[in-house]
Student: 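Dumping the structure here so I can ask a few things about it.
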Amino acid sequence: MAKSKYEYVKHFEQHQTLLRNTYVVIRVDGHGFHRFSQEHNFEKPNDLRALHLANEAAKGVMTDIQDIVLAYGESDEYSFLLRRDSTLFKRREAKIVSTIASLFTSYYVVNWFKFMGDSTLLRYPPSFDARAVCYPTAENVRDYFSWRQADCHINNLYNTTFWALVQDPTKNPPMTTTQAQAILKDTTSASKNEILFKQFNINYNTLPEIFRKGSVLFRRKMMVPVKETEQGNVIEREKSIVHIAHVDIIADEFWLTGDGKGILE
Ligand SMILES: Nc1nc2c(ncn2[C@@H]2O[C@H](COP(=O)(O)OP(=O)(O)OP(=O)(O)O)[C@@H](O)[C@H]2O)c(=O)[nH]1
Ligand SMILES: [Mg+2]
């Protein structure tokens with residue numbers, strides 16, 4: 001078909017490609033989730049339903065995009081790691097980033113009622129931004145995920161102590177958020193642990209792992225039944241299944257002998 005005279009505008013397009021032979025991490029983050037979590041009555045400091053919903057969305061993304069070998073999520077964010085030799089969308093950055101953000105958002109919305117319950121109406125559309133970063137070494141990738149898991153831990157310890165103080169039923173009138181902030185200002189991890197234990201009888205280390213460690217998604221190859229023959233034999237096929245665990249991605253063990261083994265080779 002003849003080209004129209006307008007076709008030349010295509011040449012203005014610029015395609016940024018992600019450096020080849022590097023590990024690419026795409027991080028998706030909820031836009032304005034401080035307000036979104038309030039408007040949808042998320043439990044404080046952690047809403048288990050919302051965390052499971054985000055995990056389901058990430059699982060959907062990973063199932064659709066086979067080049068993703070690992071994902072890590074906490075709070076309103078999820079990070080996805082592409083295989084180093086991935087040629088997904090010819091490594092075009094905009095296409096990769098926008099597809100992952102939109103897939104994640106769609107899965108989040110489609111599964112809303114299943115995870116949040118019929119009584120929590122979706123009052124307005126959630127949105128997620130995304131960015132891609134190329135990391136040249138396996139050590140950089142491990143440090144990236146350690147950074148996100150350390151962030152999860154630091155925020156969770158702070159938020160758990162903060163809301164314990166504010167929601168303390170023995171205080172009348174209740175402590176204000178400003179007062180709680182003032183108490184926690186400049187406190188160490190040890191002193192937050194002590195406040196939780198001494199004042200609220202909470203042993204931080206026994207809180208659910210999903211709150212303290214976030215969620216790690218990885219693939220495992222499994223044999224799954226595909227069909228049964230007339231003789232009654234079950235034919236199996238190897239399939240890669242996405243698993244969710246709440247483990248220390250920060251630890252050597254995960255990468256050397258655990259579920260992360262081989263991911264960065
Ligand atoms: N109550 C509650 N709030 C949550 C939960 N998970 C995430 N949030 C909220 O989501 C926010 C996520 O942090 P940010 O991404 O820095 O804040 P944001 O409002 O999304 O801002 P932008 O990402 O810059 O748009 C937290 O500060 C909380 O307010 C949860 O399980 N329970
Ligand atoms: Mg956010």
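Atoms within a ligand are numbered from 1 in the order they appear, just like the ligands themselves.
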Student: Donor-acceptor check, side chain of Ser4 to backbone of Tyr6, threshold 3.5 angstrom: yes or no?
Tutor: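 Yes: the side chain of Ser4 pairs with the backbone of Tyr6.
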
Student: Mind running side chain to side chain donor-acceptor pair (under 3.5 Å) on Tyr204 and Asn156 for me, showing each step along the way?
Tutor: CA-CA 10 Å; Tyr204 182 78; Asn156 188 54; 2.8 Å; yes

Student: Say you draw a straight line from CD1 of Ile96 to CG of Asp67; how long is it, rounded to the nearest 0.5 Å?
Tutor: 8.5 Å

Student: So which heavy atom on Gln149 is nearest to which on Ile250, and how close?
Tutor: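 Scanning both residues, the minimum pair turns out to be OE1-N, 3.0 Å.
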
Student: As a test of reading the model: which residues have a non-hydrogen atom less than 4.0 Å away from ligand 1?
Tutor: Asp29, Gly30, His31, Gly32, Phe33, His34, Ser37, Phe42, Glu43, Lys44, Pro45, Asn46, Asp47, Ser75, Asp76

Student: Are the aromatic rings of His34 and Phe42 close, with centres under 6.0 Å apart?
Tutor: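 No, too far apart.
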
Student: Mind checking how many protein N/O/S atoms fall short of 2.8 Å from the Mg ion (ligand 2)?
Tutor: 3

Student: Give a yes or no on whether His15 atom NE2 has more than 12 heavy-atom contacts from other residues, nucleotides or ligands under 6.0 Å away.
Tutor: yes

Student: In terms of side-chain geometry, is the basic nitrogen of Asp29 or Arg131 positioned less than 4.0 Å from the acidic oxygen of its partner?
Tutor: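 Salt bridge: no.
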
Student: With Leu264 as reference, evaluate Leu70, Val141, Val69, Asn140 under the side chain to side chain contact (heavy atoms under 4.5 Å, CB included) test and give the passing residue.
Tutor: Val141

Student: Quickly, which of Phe128, Tyr72, Phe80, Tyr144 forms a side chain to side chain contact (heavy atoms under 4.5 Å, CB included) with Arg27? Name it, please.
Tutor: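 Checked Phe128, Tyr72, Phe80, Tyr144 against Arg27; only one passes side chain to side chain contact (heavy atoms under 4.5 Å, CB included): Tyr144.
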
